[in-house]
4 protein chains.
Amino acid sequence: MPEYSITTVARRAQIVQAAIATIAELGYDKASFARITERAGLSSPRLISYHFANKDDLNRQILIDIYTTAARLLTERIEQQDTVADRLRAYLEANLDFLREHPREVAVLTAIGPHLRDAEGKPYTSAGAQEGDVRVLEALLRQGQDSGEFRDFDARAMAIMIRGAITAAVQRVGDFDVDGYKRELVSTFDRATRRS
Amino acid sequence: MPEYSITTVARRAQIVQAAIATIAELGYDKASFARITERAGLSSPRLISYHFANKDDLNRQILIDIYTTAARLLTERIEQQDTVADRLRAYLEANLDFLREHPREVAVLTAIGPHLRDAEGKPYTSAGAQEGDVRVLEALLRQGQDSGEFRDFDARAMAIMIRGAITAAVQRVGDFDVDGYKRELVSTFDRATRRS
Amino acid sequence: MPEYSITTVARRAQIVQAAIATIAELGYDKASFARITERAGLSSPRLISYHFANKDDLNRQILIDIYTTAARLLTERIEQQDTVADRLRAYLEANLDFLREHPREVAVLTAIGPHLRDAEGKPYTSAGAQEGDVRVLEALLRQGQDSGEFRDFDARAMAIMIRGAITAAVQRVGDFDVDGYKRELVSTFDRATRRS
Amino acid sequence: MPEYSITTVARRAQIVQAAIATIAELGYDKASFARITERAGLSSPRLISYHFANKDDLNRQILIDIYTTAARLLTERIEQQDTVADRLRAYLEANLDFLREHPREVAVLTAIGPHLRDAEGKPYTSAGAQEGDVRVLEALLRQGQDSGEFRDFDARAMAIMIRGAITAAVQRVGDFDVDGYKRELVSTFDRATRRS
DNA sequence: TATGAATGAGCATTCATTCAT
DNA sequence: AATGAATGAATGCTCATTCAT
């Protein structure tokens, strides 16, 4: 296992990108080390094993890579808003925008989900993979309830529901009117959360 | 490929049930013919190949099996309602109830989805696999709009969103307050669809 | 193993014909009991095992079937000739004619050859399968030498050579000028055998 | 698929030789990767898959290996001759000599033939596999006709016939008087081709 | 005479991973 | 930092054949 020199970091990034491209094109099942090797122009699958402890390690790095990109975008757009309701709207819109601009990454996210395992090798529930997203959103909703902007509802249930509505769009990537969906999404959860 | 004699039908059902149990416990990847054979107490994996054309055929039969069960329950409960709004509520509640009573089947449904292929061997998009559900729901929503019960919204987008919210619950199977979620789900989409 | 009733004989013939058709179309390797069953419209591969001791038995019956047909034709045409030279010519021409009229049977003959086994299960040399043909022809040639029509040559070698020239045509079935080949064949072995 | 390093080339050659020996002894059908592995003393059948893309690739390499050996011998002996008639004779004799000295390779050639597939996976006709040989010979015959050494005959038909006569000998490998056959072969096709 | 159901052995091939440089 | 070679385990699937009616 190599240290974190410049070339090492670059290699890892290259492999992660090749893996994302391969999974997006062929699906998770067919995206073997052999296929990723071909696409990345690596000399041998051995190079992947050299840079990542095992397949699960690679999967985790892919997730981190994509989440980092997404988080940067989302955080920025949400923080510009003043009211919680606006922040929720910004959250929904930013999610759909990310989806439109990074459909490949988003598809890979859902493809990898069911195959992730924790440190002991046990499979995450696919819920587990989304738990982080849900928590963040749940906190935002609670904030709105505390400030009096939102009505009284089960914040966790609502958060799960919203993530589900976003994920549904994710799986439609390709043949899908993103902007139309975005409008209904915002409208639906505005009605669902606002006071009165 | 054997005909549909009594013993054959029974064997197929046995294998399908064993496959569902195996996938639910080990995940799709690890649910090989060998594992299913063990669980079903069959003499040889050959027996699965004898009764199903190939793995995809087995997957499809699993899906049909589960969908048939679900459809029976859903249809019945929906048809008892008079107004479209009540039917939508019944649809949502019945979905969540099925989920609570058949968590294993529901988990298998989502596990198999990404691996299904159509008759020519091409992979379904996960959207494709859900398209049927979406269409049925979309029709119901349009009916409510036509009757004047529902406000004017994009019925297809709304249908996708509702399916997403249901699927999100599906993936939480296990550590999840189904009844709480059910309440918020009904409330949210009542607000989202009703006139005024 | 059934006795030789009328229905049994008919069934056997049906299976042999289906096997010939299947081998001709798919090649020997892919002509499994399963494929033959489909083509013959039989209820189960079991019916083949019921009527033939094993695969080798079926192969042998196919050979007998085809050889019987061919022998009937050849014998008749040869016996009509008076001189041995004419009989050799008739033999060559009749062989090529059979080839043109029964390309399927002829193709099957060469396809099965390498897979034949003797009673103890040992593989025939492909030579073995043709030994009968060679012997018959060798006798004819010797007859011509004894009568003084033919020059002195190694009759066995010549017989093998002629069979080889015929077999070469067999393998060209399809894209092949049979009549042109027939002319050269007759001419070549007339020159090769005649006195002076 | 590994590059062409020294060890790789040696391994490939080792596997090809083991495959030839295995096919010669057991026949094509029984010469599975497992049997070849045993004979070559490899650690795992996986090693064959590592060095050859698939079974067809291995078959092709076997063919190339044998044809290369044969071509070297034939070409040399033919080129030493001055007249076309002598070259034809040398061609025939060299073929039979190769057959006597490499009976195993020659047997494998005919065993593999029917199983070869082209790049798209379509089966060669057995004619197709021999087409190269026929063409070369046909050219030689035409050369003789052009130079006036040979009489006027259908060069293609004659080429096919000669290849058939050679192949017939090939299939007799083992119990066969090669030199006797060689004499009659040369004599027959001398008479068949020469002017007057 | 026929057949539905079942079976064990075998197949080529793919996989992530490791050994030895 | 990289890599060529090798590996054992596993996969879905096909085969001819047999058991029990």
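Note on naming: letters A, B, ... go to the chains in the order of the sequence lines (proteins, then strands), and numbering restarts at 1 for each one. Side chains are part of it too, since the values below use all heavy atoms of this structure and drop only hydrogens, waters and symmetry mates. No experiment lies behind these values; they were computed from the predicted model shown.
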Nucleotide N/O of nucleotides 19-21 of chain E paired with protein N/O under 3.5 Å:
unit_1	atom_1	unit_2	atom_2	d
dC19(E)	N4	R46(A)	NE	2.5

* Structure fact -> With sequence neighbours left out, the residues meeting side-chain hydrogen bond (donor to acceptor under 3.5 Å, both in side chains) with H115(D) are D29(C)
* Asked: Could you state the CG-P distance from L42(B) to dA5(E), rounded to the nearest angstrom?
  -> 15 Å
* **Interatomic distance, D56(D) CG vs dC11(E) P [rounded to whole Å]** => 18 Å
* Asked: Rounded to the nearest 0.5 Å, what separation is found between the CD1 atom of I20(D) and the NE2 atom of H102(D)?
  -> 10.5 Å
Between the protein and nucleotides 10-12 of chain F, list every N/O to N/O distance that falls short of 3.5 Å.
unit_1	atom_1	unit_2	atom_2	d
dT11(F)	OP1	S32(B)	OG	2.8
dG12(F)	OP1	K55(B)	NZ	2.9
dG12(F)	OP2	F33(B)	N	3.1

* Using salt bridge (Lys or Arg N to Asp or Glu O under 4.0 Å) as the criterion, list what pairs up with R11(D), not counting sequence neighbours. => none
* Measure the spacing between OG of S32(A) and NZ of K55(A) and express it to the nearest 0.5 Å. => 7.0 Å
* **Heavy-atom check, side chain of E38(C) versus side chain of T22(C), under 4.5 Å** => no
* **Spacing of L47(C) atom CG relative to dT17(F) atom P, expressed in whole Å** => 14 Å
* Asked: What integer distance in Å separates H115(D):NE2 from dA12(E):P?
  -> 12 Å
* To do: Report the residues that fulfil side-chain hydrogen bond (donor to acceptor under 3.5 Å, both in side chains) with N59(C), sequence neighbours left out, ordered by chain and then residue number.
  => Y28(C)
* What's the verdict on salt bridge (charged side-chain N to carboxylate O under 4.0 Å, His left out) for E25(B) and R39(B), showing C-alpha distance, side-chain angles and the deciding distance? -> CA-CA 11 Å; E25(B) 184 178 332; R39(B) 181 171 293 265; 2.4 Å; yes
* Nearest-Å distance, CG (D57(D)) to C1' (dT13(E))? -> 14 Å
* Asked: Given atom CG of N59(C) and atom P of dT17(F), what is their separation to the nearest angstrom?
  -> 10 Å
* To do: Write down the atom of I66(B), the atom of E105(B), and the distance for their closest heavy-atom approach.
  => CD1-O, 3.4 Å
* Asked: Which whole-number value in Å describes the distance from Q14(A) CD to dA1(F) P?
  -> 15 Å
* **Protein-nucleotide distance (I15(A), atom CD1; dA1(F), atom P), rounded to Å** => 13 Å
* Hey, could you give me the CG/CZ distance between L47(D) and R12(D), rounded to the nearest 0.5 Å? => 11.0 Å
* What does S44(D) touch in the nucleic acid at a heavy-atom separation under 4.0 angstrom: a base, only the sugar-phosphate, or nothing? -> base
* Return yes if some donor-acceptor pair links the side-chain N/O of T110(D) with the main-chain N/O of A107(D) below 3.5 Å, else return no. => yes
* Asked: Should T7(D) be listed as having a side-chain N or O under 4.0 Å from OP1 or OP2 of dG4(F)?
  -> no
* Could you check which of dA6(F), dT3(F), dT3(E) has an atom nearest any side-chain atom of S43(C)? => dT3(E)
* Please tell me which of P45(D) and T8(B) maps to the more 5' nucleotide of DNA chain E, matching each residue to the nucleotide holding its nearest heavy atom. => T8(B)
* Nucleotide pairing, DNA chain E (Watson-Crick or G-U, distances under 3.5 Å), in dot-bracket with [ ] and | -> .||||||||||||||||||||
* For the atom pair CD1 (I48(C)) and CG (L42(C)), what is the distance rounded to the nearest 0.5 Å? -> 6.0 Å
* To do: Would you please confirm or rule out a distance under 4.0 Å between OP1 or OP2 of dA1(F) and any side-chain N or O of H51(A)?
  => no
* Structure fact -> Taking dA5(E), dA6(F), dA2(F) as options, the one with an atom nearest any side-chain atom of R11(D) is dA6(F)
* With side chains defined as the heavy atoms from C-beta onward, is the minimum distance between I36(D) and L58(D) less than 4.5 Å? -> yes
* State which of dA1(F), dA2(E), dG4(E) makes the closest approach to the side chain of Y50(C). => dA2(E)
